[in-house]
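Quick note: residue numbers are just sequence positions, from 1. Atoms within each ligand, like the ligands themselves, are counted from 1 in listed order.
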Amino acid sequence: MQTGAKLPIHHSAWKSLESHAASMRNTHLRALFSTDQDRGQRLTAQAAGLFLDYSKNRVTDETMGLLYQLARESGLHEKIEAMFRGDKINTTENRAVLHTALRAPKDSTILVDGKNVVPEIHGVLAKMASFADRVRSGDWMGYSGKRIRNVVNIGIGGSDLGPVMAYEALRHYSDRELTFLFVSNVDGIDLAEATRVLDPAETLFIVSSKTFTTLETMTNAQSARDWLLTAFDGNQASVAKHFVAVSTNAEKVSSFGIDTENMFGFWDWVGGRYSMDSAIGLSTMIAIGPENFYEMLGGFYQMDKHYRTAALDQNLPVIMGLLSIWYTNFLDAHAIAVLPYENYLKRFPAYLQQLTMESNGKRVTLDGEPVSYHTGPIYWGEPGTNGQHSFYQLIHQGTRLIPCDFIAFAQALTPLGRHHDILMANVLAQSEALAFGKTAEQVAADGTPDWLVPHRVFEGNRPSNTILAQRLTPAILGALVALYEHIVFTQGAIWGVNPFDQWGVELGKALAQCILPELESPTSPRLNHDSSTNSLIHRYREMRSTVK
Ligand code: F6P
């Protein structure tokens, strides 16, 4: 489908940003702060309980003005409206993109093909809540009448990363009588280690797969079922008590042997990586309870409302999305580090890897034209302070520009002595050190010998955002996830790409299906790959059968 949309490089703001960037390349954050005393108070914004300080970015009012102009020229506002309205903006799959409907209040109306989808969404939420309550109270029992103590989510990609991230993030609110495990990798070790000490009679599997065809998930689900049946002497009736499914594909769920009564549905207009607040969040709801889950949805909704209505210069996802465009397209940055100073968010960077890179890792526009500018940057990170003792060296003194997002909370969920102040001192110190560095003069003034001075100089001028919230609650997690969902949308809207398909994962999947029988063939197969792949296949077949 042709949209005829202008490429971003043809917008006048893009051209202005290019020439503006030439002057900004040599402007240091030290100068920006010394000539603009209020910068630290002025370049801030807040929404849905999140406070954003973006003053330590290499931007002036002129830069931000040009970025907002770029957003306007790219039709960002109209594109946001089209998404919220339910237009089929995922053109390559002819689908609406309505993860925002998942957290819309009960009395909203959102039409897909003329049908209001909100009542159905709330119907599924109610079904999830009733099931979650039954598991949490012990009313839902295993086949032998034992109470469920372990919940194992089997899924991969969006059907794993969202649930595991949310469980870890909200563990403080979770029922500690229940154990939660997440199996994703087709490497048998993942399932074997997860089930090693579990009692099958006390274990509930949630098979989470939008399509219910994903090789990894179906292989794990099948092996989990075998594990259960071995414990129950092959009694098929046990499956109904120990397996439930989350999927859009009722037919496949039923042919796997799961009663569709125990299936929690969602819809093709929810992308996998945008699904943690759909039924894919069933494990989250069992862990934290329906009330907390609804609170999380409320946080998502607050950020949605903000994104849809706030002025560009007050709009957190717009500001952060545009800043990432500024670094990616005008200052040659290739990566963005996300650094939560909150250990409960330890899986947040992994979650964001899929959200950001599966969405905007694209090389053609919606019209199928190859882009002549960079798109999705590499997102990665680790919780502070661990990252500081690992890769921060490269951010401080390496040759690459790596903008950072620091995420921190004013209150610890479990205060322990001085830990939280120490943690906070570190996050504040890192953004200060990155921005302002330490000059050769300052290093020399410390008595450093001349030969060592260059090694100890911190150039500074490394940009960062700091996101600060009161404490990590379900609502704040919802707001934080929605913030990044909308940053991704903002980027995609400017680049003119489709953040909602993922054709790039298909080729590898198809080739694996072709190679698998070649590995399993009892006789030496005729191979038709390149010489490297052919010989690796032969070598694997030989090595597999050689005992050393
Ligand atoms: O890796 C591709 C992908 O389609 C992801 O987008 C998705 O989150 C994941 O596979 C799992 O898909 P499903 O939920 O259908 O098993």
Between the protein and ligand 1, which nitrogen or oxygen pairs come in under 3.5 Å, and how far apart is each?
| residue | atom | partner | partner atom | Å |
| --- | --- | --- | --- | --- |
| ligand 1 | 1 (O) | Glu358 | OE2 | 3.3 |
| ligand 1 | 6 (O) | Glu358 | OE1 | 2.7 |
| ligand 1 | 8 (O) | Gly158 | N | 2.7 |
| ligand 1 | 8 (O) | Gln354 | NE2 | 3.1 |
| ligand 1 | 14 (O) | Ser159 | OG | 2.6 |
| ligand 1 | 14 (O) | Lys210 | N | 2.7 |
| ligand 1 | 15 (O) | Ser209 | OG | 3.4 |
| ligand 1 | 15 (O) | Lys210 | N | 3.3 |
| ligand 1 | 15 (O) | Thr211 | N | 2.9 |
| ligand 1 | 15 (O) | Thr211 | OG1 | 2.6 |
| ligand 1 | 15 (O) | Thr214 | OG1 | 3.4 |
| ligand 1 | 16 (O) | Ser209 | OG | 2.6 |
| ligand 1 | 16 (O) | Thr214 | OG1 | 2.5 |

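In summary, Lys115 and Asp113 do not engage in a salt bridge, as defined by a charged side-chain N under 4.0 Å from a carboxylate O.
Sequence neighbours left out, not one pair with a member in residues 244-259 passes salt bridge (Lys or Arg N to Asp or Glu O under 4.0 Å). Counting only residues at least two apart or on different chains, the side chain to side chain donor-acceptor pair (under 3.5 Å) pairs with a member in residues 268-297 are Arg103-Asp277, Arg273-Glu358, Arg273-Ser359, Arg273-Gln502, Tyr274-Ser359.
The residue from Thr219, Val186, Asn185, Asn220 that alone fulfils the side-chain contact (heavy atoms from CB on, under 4.5 Å) condition with Leu191 is Asn220.
Remark: Lys127 is positioned above the aromatic ring of Phe264, its terminal NZ or CZ atom under 6.0 angstrom from the ring centre and at most 45 degrees off the axis.
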Could you tabulate the donor-acceptor pairs under 3.5 Å formed by side-chain atoms of residues 368-378, not counting sequence neighbours?
| residue | atom | partner | partner atom | Å |
| --- | --- | --- | --- | --- |
| Tyr373 | OH | Trp495 | O | 2.6 |
| Thr375 | OG1 | Asn360 | O | 3.3 |
| Thr375 | OG1 | Lys362 | O | 2.7 |

